[in-house]
Amino acid sequence: MLSAMTKKILTLLLLALPVLYTTAQTTGSSAIPPRGNWTGAIQLNASRSLRIGIEFPSKPNQRPWFHSMDQQMYNIPIRLVEQKRDSVQLTISHPNAVVTIAFNGKEGKGNFRQGNFVAPVALQYTDSPFSKPLRPQEPVYPLPYKEEDITYRNSADSVTLAATLTLPRSGKPSPAILLIPGSGPNDRDAYIFGHKVFLVLADYFTRKGFVVLRADDRGTGASTGKYSTASIKDLANDAKAGVEYLRSRKEVNPERVFIMGHSLGAEIASLTALNNRNVNGVVLLAGAGESLRETILRQTADIYAQQGVSREGIDLNTKVLLAVFDAVQKYPTNDSTLAAIERSFASLNPLVEQVPAKERDILELSYPLNPKAFGHFWGKAMRFDLFYQPLDSYRQLQQPVLVTQGTSDVQVKADNAERIGAVLNNKASVVKLFDSKNHLFQTCKSCTVEEYGSLTETFSPEVLDFIYQWLRKNL
């Protein structure tokens, strides 16, 4: 679970939606998009641009890709290519992300639109290939299994989830897995630091004979709803709808449906299974056996230590967070919470002033402290999530549970696995720690958050095989 303090990303988010490339002609023109590679930039404002690339396939029926180089995001599928008079319109990821380009020889000009944001785009043709990070575990098309883009409904919350379903070509009902991502919002591929974690998991387990369902979080990608106001309980309702959808498919054996949650998704998975006897087993990937409050405090301390922050700076950051969390827990309204934080920050400001500016920048602490910068902690959903005790749910689970954890995880400490294992009741439950594995279950070296994107491994084959063997045993 990445906290807001450690998750530095551009506000322009391009969420991958894995759907097949189709073309549509909206005029009588027979023109086709130019083939090859195009590179350029989105001009965000007068002083800031975002380098992008577009890769049109040289062969028909292959996928075109959108790349956001400055964000280290590659192979984002272009869902639809349409001829619009003298321009080509590219629908990227979801209907609110569209690039419209007029190509003239080796140049292209147009605009990028995402929601209400519109910015100019300029492209140039290049003979050079894109320098993409090596991701050998990502599947290469054509696939040896079927892939469908579908939607299903969480009627309780009036949310429609957009998802991808991958199905073995076995011709008989198969066991199924629902993948549940961590703190988000996440797209269906769980695109984290350049790795498509859930794409790799779905590919692996589908090749092993499982139907796998992965969805865009509510309010993300092509799903409806609003993520920022959703609590763990709300997201568990979304997951329950996913279980019901899987059981409705003729390709699925309804008595063999498993759920697999990563990070905060592990807690969502436990709530889903607790209230749904149709879940036949649960796999927890780096799940917490403590409150989110405690996880954030330990996580930030470890990560900032890796980044070179002094003990004094880390202790001060902990005091700031505790002041916020205590106010959120004690005061029920936003106004009273804010007032309490302002009082606490007044006494902490002299200490913040003494912290070197370089450390304050790493800690993302302003001087003086700005109480409203912590406003995301006192929304209705976070008021529940911060203090929810996941062990209470794990203790009541009747299904077999696999608890997995990396010993080098700095985001959710490895001792959480033993905490969870200690309260499980089903005799088929297993706790497994993996040496030198980080929060994403990559085999790590420095094992810092910053290392995630530089590693070629998306998910350890050793861990994948262990999970598969446990699933087979519990079928």
Side-chain angles (χ1 to χ4, degrees), residues 1-3 6-7 16 72-75 131-140 177 179-183 186 189-208 210 212 214 260-266 269 283-289 295 298-299 301-308 401-421 430-472:
M1 289 173 285
L2 282 179
S3 71
T6 61
K7 201 171 188 180
Q72 290 295 297
M73 297 175 70
Y74 292 87
N75 289 359
S131 180
K132 306 175 189 177
L134 184 61
R135 299 289 183 257
Q137 290 173 285
E138 290 187 8
V140 177
I177 300 171
L179 298 177
I180 306 174
S183 54
N186 285 280
D189 285 343
Y191 205 143
I192 306 172
F193 290 90
H195 288 276
K196 299 178 181 178
V197 181
F198 278 11
L199 173 65
V200 169
L201 292 181
D203 178 70
Y204 176 86
F205 287 108
T206 307
R207 291 173 189 264
K208 293 291 189 180
F210 289 81
V212 182
R214 63 191 198 274
M260 187 179 301
H262 176 246
S263 195
L264 188 69
V283 179
L284 307 179
L285 306 173
T295 294
R298 295 212 288 168
Q299 172 191 114
D302 288 344
I303 291 174
Y304 288 141
Q306 286 184 336
Q307 295 176 344
V401 178
L402 172 60
V403 183
T404 63
Q405 181 61 266
T407 60
S408 299
D409 189 341
V410 296
Q411 293 184 242
V412 178
K413 301 290 286 184
D415 58 9
N416 280 277
E418 297 299 337
R419 294 186 189 186
I420 297 171
V430 172
V431 175
K432 176 65 175 177
L433 296 176
F434 294 92
D435 290 334
S436 301
K437 301 298 183 290
N438 60 23
H439 191 58
L440 302 187
F441 290 92
Q442 299 167 303
T443 305
C444 57
K445 298 174 184 177
S446 67
C447 301
T448 63
V449 172
E450 289 76 16
E451 186 189 35
Y452 294 168
S454 65
L455 297 173
T456 60
E457 182 179 87
T458 296
F459 203 100
S460 165
E462 173 193 1
V463 181
L464 287 170
D465 181 69
F466 189 92
I467 296 170
Y468 171 62
Q469 297 301 335
W470 183 86
L471 289 169
R472 281 189 60 191

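Evaluation of the salt bridge (charged side-chain N to carboxylate O under 4.0 Å, His left out) test over residues 401-411, restricted to residues two or more places apart or in two chains, returns none. Residue pairs meeting the salt bridge (charged side-chain N to carboxylate O under 4.0 Å, His left out) criterion with at least one partner in residues 443-460, sequence neighbours excluded, are absent.
Not a single donor-acceptor pair under 3.5 Å links the side chain of Asn186 to the backbone N or O of Ala190. Using modelled atom types, no side-chain atom of Gln405 and backbone atom of Ala417 make a donor-acceptor pair closer than 3.5 Å. In this structure a side-chain-to-backbone donor-acceptor pair under 3.5 Å is missing from Lys208 to Thr206. For the pair Lys196 (side chain) and Asn75 (backbone), a donor-acceptor distance under 3.5 Å is present. No donor-acceptor pair closer than 3.5 Å links the side chain of Asp465 to the backbone N or O of Glu462.
For the residue pair Cys447 and Ser408, the shortest heavy atom distance occurs at SG-CB, 3.5 Å. Among all heavy-atom pairs drawn from Val449 and Gln306, the shortest one is N-OE1, 4.2 Å. Taking each heavy atom of Ala414 and Gly406 in turn, the nearest pair found is CB-O, 3.7 Å. Taking all atoms of both residues into account, the shortest heavy-atom contact from Pro139 to Asp203 is CB-OD1, 3.3 Å. The shortest non-hydrogen separation linking Phe198 to Pro181 is CE2-N, 3.4 Å.
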>> Run Tyr452 and His439 through side-chain contact (heavy atoms from CB on, under 4.5 Å) and show every step you take.
In response: CA-CA 9 Å; Tyr452 294 168; His439 191 58; 3.3 Å; yes

>> Checking Ile420 against Val431 for the side-chain contact (heavy atoms from CB on, under 4.5 Å) test, could you report, in this order, the C-alpha distance in whole Å, the side-chain angles of both residues, the deciding distance, and whether it holds?
In response: CA-CA 8 Å; Ile420 297 171; Val431 175; over 6 Å; no

>> What verdict does the side-chain contact (heavy atoms from CB on, under 4.5 Å) test give for Lys437 and Thr443, after you've listed the backbone C-alpha separation in whole Å, the side-chain angles of each residue and the deciding distance to 0.1 Å?
In response: CA-CA 5 Å; Lys437 301 298 183 290; Thr443 305; 3.2 Å; yes

> What's the verdict on side-chain contact (heavy atoms from CB on, under 4.5 Å) for Arg214 and Leu199, showing C-alpha distance, side-chain angles and the deciding distance?
Replying inline: CA-CA 8 Å; Arg214 63 191 198 274; Leu199 173 65; 3.4 Å; yes

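Using a 4.5 Å heavy-atom threshold, the side chains of Val403 and Lys432 count as separate.
Summarising the geometry, atom CG belonging to Leu284 is positioned 10.0 Å from atom CE belonging to Met260; distances are rounded to the nearest 0.5 Å. Distance OG1/Thr295 to CD/Gln299: 7.5 Å, rounded to 0.5 Å. Rounded to the nearest 0.5 angstrom, Leu440 CG and His262 NE2 are separated by 5.5 Å. To the nearest 0.5 Å, the span separating CG on Leu285 from CZ on Phe459 amounts to 5.0 Å. Taking CD1 from Ile303 and CZ from Arg298, the interatomic distance works out to 12.5 Å, rounded to the nearest 0.5 Å. The CG atom of Asp435 sits 10.5 Å away from atom SG of Cys444, with the distance rounded to the nearest 0.5 Å.
Qualifying side chain to side chain contact (heavy atoms under 4.5 Å, CB included) partners for Ser436, counting only residues two or more places apart in sequence or in other chains: none. With sequence neighbours left out, Arg472 forms a side chain to side chain contact (heavy atoms under 4.5 Å, CB included) with Tyr468, Gln469. Judged as a ring-ring contact (aromatic ring centres under 6.0 Å, His included), and not counting sequence neighbours, the contacts of Phe466 are Phe434. The ring-ring contact (aromatic ring centres under 6.0 Å, His included) test applied to Phe205 returns no partner, not counting sequence neighbours.
If you run side chain to side chain contact (heavy atoms under 4.5 Å, CB included) between Leu201 and each of Leu464, Asp189, Val212, Ile177, only Leu464 comes through.
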